[in-house]
Amino acid sequence: MLAPTRASAARVARSRVRPGDAGWPSEARWKQLDQEVAGALIQTRSPLDECLSSPTTAGCGKLFEQVKNPYFLSDQVGLTQTLGWVDAWTSRASPYAVAARTTGDVVAAVNFARENNLRLVVKGGGHSYQGTSSAPDSLLVWTRRMNDIGLHDAFVGAGCAGLMAPQRAVTVGAGALWAQVYDAVTTQAGGYVQGGGCLSVGVAGLVHSGGFGSFSKAYGLAAGSLLEAEVVTADGMVRIANDCSHPELFWGLKGGGGGTLGVVTRLTLRVHELPQTFGAVNMTIKATSDAAFRRLVALIVDFYARSLLNPHWGEQIRLRADNVVKVSMVFQGLDRSQAQAIWQPFLDSLASAPQDFELEFSLLKIVSTSARGFWAPTMFKKLLGFIRTDDRPGAPQGNVFWPGDEAQAGQVLHAYQSAWLPAALLVDARRQALVDALFAATRHWSVSLHVNKGLAGAPAEAIAAARDTAMNPVVVDAFALAICGAQGPPGYPGMAGHEPDVMLARQRTAAIASAMDELRKLVPNAGSYVSESNFFEPNWQQAFWGSNYARLLAVKAQYDPDGLFFVHHGVGSEGWSADGFTKLG
Ligand SMILES: Cc1cc2nc3c(=O)[nH]c(=O)nc-3n(C[C@H](O)[C@H](O)[C@H](O)COP(=O)(O)OP(=O)(O)OC[C@H]3O[C@@H](n4cnc5c(N)ncnc54)[C@H](O)[C@@H]3O)c2cc1C
């Protein structure tokens, strides 16, 4: 047990203060904080605020173009990547933010929030779908400027000498984005670090939620590769968490959800051996009737179960409501001809029924590259449209993103649900039922099977590492995470000309609920993971953490007994009002 702290010994108020309340810190107190953090305190405004009063100005029009660039959004202290979710939340700037550069800045911010009874919120890459890095009337700790990256040939965690074999590793500031980490570890140094698929996601936020990347079927969760983290806990202490020091905190940081146990300031992740090649398979197949589409779903599910359920294959198979199967998959450790040979039987099946299936022509159906060049922003990739760049003048070369993630920058979510599908559904006796459920679901909404976001078929080492995280343990039995989502373009409530389409959002919400109900008939209590899931998930403790929730709650009670760190559907949030301002009970 920890010794009682200043924080837990003090009487904790039941309500947090907002600007205008008597307890809100005076100008002088804010100035004092600014001095403590060497000028890193920012009085924040959302760039959208001006558009609320004058939505038709040229500046406002430009802003609505700029928010389609994920790196523009990452650089804005007052914005988030998703601008809101209809009927759930709206992005709002905190009145003050500490744009931390050092761990000391974070300590000062945490102490200030606790001592002044403020609502505290933490933001890294700002990609939360759930809106958990945005909270009105709060003090924000913004980590984006803490983005140093350093490689180790033989890392041993603090206090782990003799207990842990030295490992190749990378230490990353909490505010780094994955594109920067891939550049340093893979492009520059020829190693592999397990991060996220989306290049502009923040490192700490992703690891906190478990974290899946395109090749997770081979390397497991990002959290499974975490070796050590530096964390500022609610009492303002700086703690090194690893298997040898604060092991329960360490476990909770791995998949226990961001913004709930402390502010992580840096992370050290294992660097794996880089395979020779990475590659991609892209194809679009149209079925000519509903009956043909049902057969097509059966074909691709059979083919996946027989040939792709292994560490080589990741990313997505999308089953669209318009009777199209879109394959956007990646592979590792195979060359192009091996990948071609694996897919040939499937392609032959399509070719044998031309009346049923139309395969869109493409010269680039199956491609491969040296693994080391996979994330490199080469001119060739840019010209072919494989990778998009930050188009702001003077933007760093490495600010790149996949075209598939582009529509999410500045989006307003309409609905989002997900469910892990157990690999047990792929056995012969149950596969038809799975096909029927998937087909039925697509009659309501398109379903994407993210096969890299379930670890069935992964190597034993990756499975063991995932079991040693706080994530819902059913992740290791799932072959895929099924996701149904819908979003609208950048918009903001109350802003003339940019209002989110609420009616459409509600219709889509209902359609997506019907689609997911078809899958839940087969998997009644399917889990999911905290970051790509339903804001309205009624049974969130069980869905996100399953049998690990009680242990996670105990870690929370030990390191944040007074609930300084609150996020929507985060561990311990059931004890607070929905806005995190009032303690319940
Ligand atoms: C376009 C897009 C693509 C995505 N693709 C993937 C994917 O391929 N794989 C995947 O696993 N997920 C993916 N996600 C989900 C994403 O990984 C999570 O939402 C993740 O939590 C985002 O981290 P962030 O730092 O960018 O976001 P933020 O919104 O800044 O943070 C997310 C949460 O973590 C907390 N947090 C952030 N930094 C810290 C810190 N230093 N200490 C403590 N808490 C912190 C925040 O308070 C917040 O609650 C995607 C999301 C988007 C929008």
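Positions are given from 1, in the same order as the sequence printed here. Order of appearance sets the numbers: ligands from 1, and atoms from 1 within every ligand. Atom set for the values below is all heavy atoms of this structure, side chains included, hydrogens, waters and symmetry mates excluded.
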Evaluate whether atom CG of D49 has more than 12 neighbouring non-hydrogen atoms of other residues, nucleotides or ligands under 6.0 angstrom away. yes
Would you mind listing which atoms of ligand 1 come within a distance below 4.0 Å of any non-hydrogen atom of A174? 41 (N)
Around atom 26 (O) of ligand 1, find the nearest protein heavy atom and jot down its residue, atom name and distance. G202 N, 2.8 Å
Rounded to the nearest 0.5 Å, what separates atom OH in Y192 from atom CZ in F278? 5.5 Å
for atom 12 (N) of ligand 1, nearest protein heavy atom and its distance come out as Y529 OH, 3.2 Å
Atom 25 (O) of ligand 1 [closest protein heavy-atom partner, distance rounded to 0.1 Å]: G125 N, 2.9 Å
Taking heavy atoms and a distance under 4.0 Å, where does S531 meet ligand 1: side chain, backbone, both or neither? side chain
Pairing of R270 and E461 as salt bridge, 4.0 angstrom limit: yes
S133 heavy atoms, cut-off 4.0 Å: which ligand 1 atoms fall inside? 28 (P), 29 (O), 30 (O)
What residue and atom, counting heavy atoms only, is the protein's closest point to atom 52 (C) of ligand 1, and at what distance? Y129 OH, 3.2 Å
What atoms of ligand 1 come closer than 4.0 angstrom to any heavy atom of G262? 42 (N), 43 (C)
Hey, could you give me each pair passing salt bridge (Lys or Arg N to Asp or Glu O under 4.0 Å) that has a residue in residues 78-98? Not counting sequence neighbours. D87-R506
Locate the shortest heavy-atom distance separating D579 from F581; write the atom from each residue and the value. OD1-N, 3.0 Å
At under 4.0 Å between heavy atoms, what of Q408 touches ligand 1? The answer is side chain
Using a strict cut-off of 4.0 Å, indicate which atoms of ligand 1 neighbour a heavy atom of A204. 38 (N), 39 (C), 40 (C), 41 (N)
Identify, for atom 48 (C) of ligand 1, the protein heavy atom at the shortest distance, and state residue, atom and that distance. T132 OG1, 3.3 Å
Should you measure from each heavy atom of C198, which atoms of ligand 1 turn up under 4.0 Å away? 1 (C), 2 (C), 3 (C), 4 (C), 5 (N), 8 (O)
Relative to ligand 1, is H208 under 4.0 angstrom through side chain, backbone, both or neither, heavy atoms considered? side chain
Atoms of ligand 1, numbered as shown, that sit under 4.0 Å from any heavy atom of K123: 30 (O)
Do me a favour and list the nearest non-hydrogen protein atom to atom 46 (C) of ligand 1 with residue, atom name and distance? V122 O, 3.1 Å
Quick test: of every protein heavy atom, which one is nearest to atom 11 (O) of ligand 1, and how far off is it to 0.1 Å? F212 N, 2.8 Å
For G211, atoms of ligand 1 separated by under 4.0 Å from a heavy atom: 11 (O)
Write out the residue and atom name of the closest protein heavy atom to atom 27 (O) of ligand 1, then the distance separating them to 0.1 Å. H127 N, 2.9 Å
side-chain hydrogen bond (donor to acceptor under 3.5 Å, both in side chains) partners for T469, two or more places apart: none
Is the distance between the ring centroids of W251 and Y559 under 6.0 Å? no
Given G126, A100, G205, which has its nearest heavy atom closest to atom 28 (P) of ligand 1? G126
